[in-house]
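Residues take their numbers from the sequence shown, with the count starting at 1.
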Amino acid sequence: MSIQKIDVKYTAVATAENGRDGRVASDDGKLDVVVNPPKEMGGSGAGTNPEQLFAAGYSACFQGALGVVARKENADISGSTVTAKVGIGQNESGGFGLEVEISASIPNVDEATARSLVEKAHQVCPYSNATRGNIKVELSVA
């Protein structure tokens, strides 16, 4: 599989200080957060963590992709939500890996339509495209 060229419209820039136990800020100042490892990983859990930030970004992006698909399909996704759960743990090679569960609640369509919309959004979402084939991503509808 080759890397596809894209026509970049926007580039986000963020800088971390002290890694997982420090601070992350965007170059425009709109994001400036303390990051700490969660208690489950031996940290203080006082700040947010990279997995929460990834989950926030992925869920927002997936919701946007769901909107793109819904407009094409003429489906009503008003009142819908997307939740991303991002798990981190040690992998077989001794490093660390991630896994993701995306769950969408789309109250104004039947379950079959909801599943179809979620599957199609998974093909559109940039986060899904970036993770495909690299980490386990499970999709569900609530």
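In this structure, N134 contributes its side chain and A130 its backbone to a donor-acceptor pair below 3.5 Å. Judged purely by atom type and a 3.5 angstrom limit, Q52 uses its side chain to pair as donor or acceptor with the backbone of N49. Checked by atom type and distance alone, the side chain of R132 never pairs as donor or acceptor with a backbone atom of V137 at under 3.5 Å. Between the N18 side chain and the D21 main chain, no donor and acceptor come within less than 3.5 Å of each other. Formation of a donor-acceptor pair under 3.5 Å by the S59 side chain with backbone atoms of A55 is found in this model. Side chain of S26 to main chain of L31: a donor-acceptor pair is present (N/O by atom type, distance under 3.5 Å, no hydrogens or angles).
A continuous path of Ile, Leu, Val, Met, Phe, Trp and Tyr side chains, each step under 4.5 Å between heavy atoms, connects I102 with L98, placing both in one hydrophobic cluster. A chain of hydrophobic side-chain contacts below 4.5 Å, direct or via other Ile, Leu, Val, Met, Phe, Trp or Tyr residues, connects F62 to I135.
Across every non-hydrogen atom of S140 and E101, the tightest pair is OG-OE2, 4.1 Å. Here the closest heavy-atom approach between residue A121 and residue A65 is recorded as O-CB, 3.7 Å.
At a cut-off of 3.5 Å, with distance as the only test, a side-chain donor of D110 or T113 sits close to an acceptor on the other residue.
We find the CD-CG distance between Q123 and N129 to be 7.0 Å, quoted to the nearest 0.5 Å. Expressed to the nearest 0.5 Å, how far NZ of K120 lies from CG of L66 amounts to 11.5 Å. Distance check, rounded to the nearest 0.5 Å: CD of E17 to CZ of R23 gives 5.0 Å. A distance of 8.5 Å separates CG in N91 from CZ in F96, rounded to the nearest 0.5 Å.
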Inset, instruction - Might you work through the side-chain contact (heavy atoms from CB on, under 4.5 Å) test for V69 and V124, ending with a clear yes or no? - result: CA-CA 8 Å; V69 169; V124 172; 3.9 Å; yes

Legend entry - Stepwise side chain to side chain donor-acceptor pair (under 3.5 Å) check, S78 with N108: CA-CA 7 Å; S78 59; N108 295 325; 2.9 Å; yes

Inset, instruction - Given side-chain contact (heavy atoms from CB on, under 4.5 Å), test V24 with V34 step by step and report yes or no. - result: CA-CA 6 Å; V24 178; V34 171; over 6 Å; no

Inset, instruction - Could you please spell out the steps behind the side-chain contact (heavy atoms from CB on, under 4.5 Å) verdict for M41 and R20? - result: CA-CA 11 Å; M41 294 183 69; R20 296 181 66 85; 4.2 Å; yes

Name every donor-acceptor pair, under 3.5 Å, that has one atom in a side chain of residues 79-87 and the other anywhere in the protein, sequence neighbours excluded.
residue, atom, partner, partner atom, Å
S80, OG, Q63, NE2, 2.8
S80, OG, I77, O, 2.7

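Under the 4.0 Å criterion applied to side-chain N and carboxylate O atoms, R71 and E73 are not assigned as salt-bridge partners. Here R115 pairs with E111 in a salt bridge; the nearest charged N to carboxylate O distance falls below 4.0 Å.
Taking the salt bridge (Lys or Arg N to Asp or Glu O under 4.0 Å) definition, one finds that K39 meets it with nothing, sequence neighbours left out.
Sequence neighbours left out, the pairs with a member in residues 24-56 that pass ring pair (Phe, Tyr, Trp, His ring centres under 6.0 Å) are F54-Y58, F54-Y127.
Between P37 and S44 there is no side-chain heavy-atom pair separated by less than 4.5 Å.
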